[in-house]
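Below is one structure, written out as structure tokens; the observations come after it.
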Protein chains: 2
Amino acid sequence: MLDTPPGSAGPIDIVRTQSLTTLVQRELERLILAGEVKPGERINEQHVAQRLQVSRGPVREALRGLERAGLVEARVNRGVYVREVSVEQAVEIYEMRGLITGFACARLAAASTADQRAELAAMVARMERAAADGDQAGYYEINLAFHDRLMQFAGNARAKAMYDALVKESHLCRRRSLFSPRNMAESNAEHAAMLDAIRRGDVDTARRMGEEHIVGGRRRFLDVVAAGTGS
Amino acid sequence: MLDTPPGSAGPIDIVRTQSLTTLVQRELERLILAGEVKPGERINEQHVAQRLQVSRGPVREALRGLERAGLVEARVNRGVYVREVSVEQAVEIYEMRGLITGFACARLAAASTADQRAELAAMVARMERAAADGDQAGYYEINLAFHDRLMQFAGNARAKAMYDALVKESHLCRRRSLFSPRNMAESNAEHAAMLDAIRRGDVDTARRMGEEHIVGGRRRFLDVVAAGTGS
DNA sequence: CGTGTGTAAACTGTTAACAGTTTGCGTTTG
DNA sequence: CAAACGCAAACTGTTAACAGTTTACACACG
């Protein structure tokens, strides 16, 4: 039979398995999170449509989705703007990230597999090396993956979705808090403490370490803000 | 001067201060949360457009927003459906609500005004009466307001937004967990315990009470599920 | 020279029409 | 009689055009 399961992507129509809106939304989100379109900037529907070779309909739909996601703001008859996250809002976001990270650590302390702990430990080791080498970009990336896996292992999909949304929002605060060598070492020491509590099955400590790690992140962030223009 | 501030709603053009998309989105959200459109049901774009006297464009945009909000699911070429929340997902949502409620209670224990505590206490008293009278609808409403104010007083807008989103999602689980007289009394006793810890400024206890209140809600919810079709 | 005004271009909000897919039903066929 | 086929209606995805608002710029005026 030449039948293909309805969900399978046939080799013929490589497109059409998802709507243009979805593709536009993904591309716009990428542009925003990568900083290619900066907070406060306006997004011109027509330009986007022309650039992506679609009409304005899908673009408008995509923008509505991004609005609910908190990445853009729409002003009536005035267009949509990439959202600006104030320092106050960033602090709120840090608090929520801390709350959820603490939850995840507590969960892992209560129930985690040896494989999971080993994977996290390997990442901490890699960050240790990156910190020693002063490799900020490398550290940043592994750090992201570490928190991502941590949330995944915690086994609460809703928690992970919320955490991911918060991380995206964080990117909208102009200050991109860079990791100084000292900050990298400090941050990773906290990672190690989290993992240690998880290994020992110490739920309360794991939770506190997870929360404090993000609080530490907030402090490091505020230091950069206070330092003036930063970076 | 006849000038009107840009934000003020002039008496002439009562409409046009917000887009049709926004109005459609609000109406659809209302229909979904009120249960007039049930989880799993399909939403017909044309019918909605005709019913609200608009074209399909704004309707599609509104649906995209609701999709990101987790209220509907879009299947390509097949339309959008009101999302169905499984019991497992509902449990995850309860966990997150508990986490955030605990956070809010801790915050209020650390810093709250006498007015705020008095307002919350008044609500607990009103729920007490509703519980005694077996007034489920009344209890439900005050309970909603109680948690709403609690989150507002906590002073973290992001936390409140997340909590509100979670409550909306809760409504998508078929089982509408009703408050039996016994459940109402139990639930309100937990409210009182939360408030008591807040009054005493006992941060840790307040947090634990807040979390356990939602855990209690989850248990009451699961009891209804286990009881079969429920009501 | 600065300020206010009017006009035109640009852009958003909305609608209607077109294209392709899914779905339901009646018919045919083994 | 059950299953498969085919056609038609319904619906979604997309596009293009229209209407109204905002914005920018040039010009007149004090």
Side-chain angles (χ1 to χ4, degrees), chain A residues 1-28 37 40-68 72-83, chain B residues 1-28 37 40-68 72-83:
Chain A
M1 303 296 183
L2 288 177
D3 290 352
T4 51
S8 74
I12 299 193
D13 51 347
I14 202 76
V15 177
R16 219 42 76 212
T17 59
Q18 34 193 359
S19 66
L20 288 184
T21 301
T22 305
L23 298 174
V24 173
Q25 200 166 9
R26 201 166 301 169
E27 173 65 7
L28 283 176
V37 197
E41 251 181 67
R42 173 147 146 265
I43 297 180
N44 187 313
E45 291 177 6
Q46 292 188 138
H47 292 177
V48 173
Q50 286 172 8
R51 191 160 177 280
L52 300 182
Q53 295 289 323
V54 297
S55 67
R56 282 176 54 221
V59 175
R60 284 181 63 84
E61 289 182 32
L63 287 173
R64 271 291 159 173
L66 294 178
E67 185 182 15
R68 265 280 174 145
V72 302
E73 274 173 321
R75 300 199 250 274
V76 177
N77 275 327
R78 221 161 271 197
V80 314
Y81 296 75
V82 178
R83 181 164 158 230
Chain B
M1 304 294 183
L2 288 176
D3 290 352
T4 52
S8 74
I12 300 194
D13 51 347
I14 202 74
V15 177
R16 219 42 77 215
T17 60
Q18 33 193 355
S19 67
L20 288 184
T21 301
T22 305
L23 298 175
V24 173
Q25 199 166 10
R26 203 166 300 169
E27 174 63 8
L28 284 176
V37 198
E41 251 180 68
R42 171 146 148 268
I43 297 180
N44 187 315
E45 291 178 7
Q46 293 188 137
H47 292 178
V48 173
Q50 285 172 8
R51 190 157 177 282
L52 301 182
Q53 295 291 323
V54 296
S55 68
R56 283 176 52 221
V59 174
R60 284 182 63 85
E61 288 183 32
L63 287 172
R64 268 295 158 172
L66 294 178
E67 184 183 16
R68 266 281 173 144
V72 303
E73 274 173 323
R75 299 200 250 275
V76 176
N77 276 325
R78 220 160 271 199
V80 315
Y81 296 75
V82 178
R83 182 164 157 230

B/L23 CG to C/dT14 P, in whole Å, measures 8 Å
Counting the atoms with a prime plus P, OP1 and OP2 as sugar-phosphate, which does A/Q46 contact under 4.0 Å by heavy atoms, base, sugar-phosphate, or nothing? base
Side chain of A/V54, heavy atoms from C-beta onward: which of D/dT15, C/dT15, D/dC11 has the nearest atom to it? D/dT15
Send over the distance from B/Y81 OH to C/dT23 C1', rounded to a whole Å. 10 Å
Start with the C-alpha gap between A/R64 and A/E67, add the side-chain angles, then the distance that decides, and say whether salt bridge (charged side-chain N to carboxylate O under 4.0 Å, His left out) holds. CA-CA 5 Å; A/R64 271 291 159 173; A/E67 185 182 15; 3.2 Å; yes
Which nucleotide in the list D/dT21, C/dT14, D/dT14 gets nearest to the side chain of A/N77? D/dT21
Give a yes or no on whether a donor-acceptor pair under 3.5 Å exists between the nucleobase atoms of D/dG13, that is its base, and the side chain of B/R56. yes
Give A/L63 one of three labels, base, sugar-phosphate or nothing, depending on what nucleic acid heavy atoms sit under 4.0 Å from its own. nothing
Report which part of the nucleic acid B/G79 touches: base, sugar-phosphate, or nothing (heavy-atom distance under 4.0 Å, all strands). sugar-phosphate
Rounded to whole angstrom units, what separation is found between the CD atom of A/E45 and the C1' atom of D/dT15? 14 Å
On a heavy-atom basis, which atom in A/L66 and which in A/Q25 lie closest, and how many Å separate them? N-NE2, 3.6 Å
So, does B/R60 get its side chain near the phosphate of D/dG13, meaning an N or O under 4.0 Å from OP1 or OP2? yes
Residue pair B/E61 / B/T21: nearest heavy atoms and the distance that separates them: OE1-OG1, 3.2 Å
Rounded interatomic separation in angstrom, taking CD from B/E67 and C1' from D/dG13: 14 Å
Quick one: which of A/V37, A/V80, A/L63 gives a side chain to side chain contact (heavy atoms under 4.5 Å, CB included) with A/L28? A/L63
I want to check one thing: is the phosphate of D/dA10, taken as OP1 and OP2, less than 4.0 Å away from some side-chain N or O of B/H47? no
Return no unless some side-chain N or O of B/N44 is found under 4.0 Å from OP1 or OP2 of D/dT12. yes
What nucleotide, of D/dT15, D/dG13, D/dT23, holds the atom closest to the side chain of A/R78? D/dT23
Rounded to the nearest angstrom, tell me the gap between atom CD1 in B/I43 and atom P in D/dG13. 13 Å
Distance check, rounded to the nearest 0.5 Å: A/Q50 atom CD versus A/R56 atom CZ? 11.0 Å
Write down the distance between CZ (A/R75) and P (C/dC11), rounded to a whole number of angstrom. 17 Å
Whole-Å distance between C/dT14 C1' and B/Q53 CD? 14 Å
Please state how far atom CD in B/E61 lies from atom P in D/dG13, giving the value in whole angstrom units. 14 Å
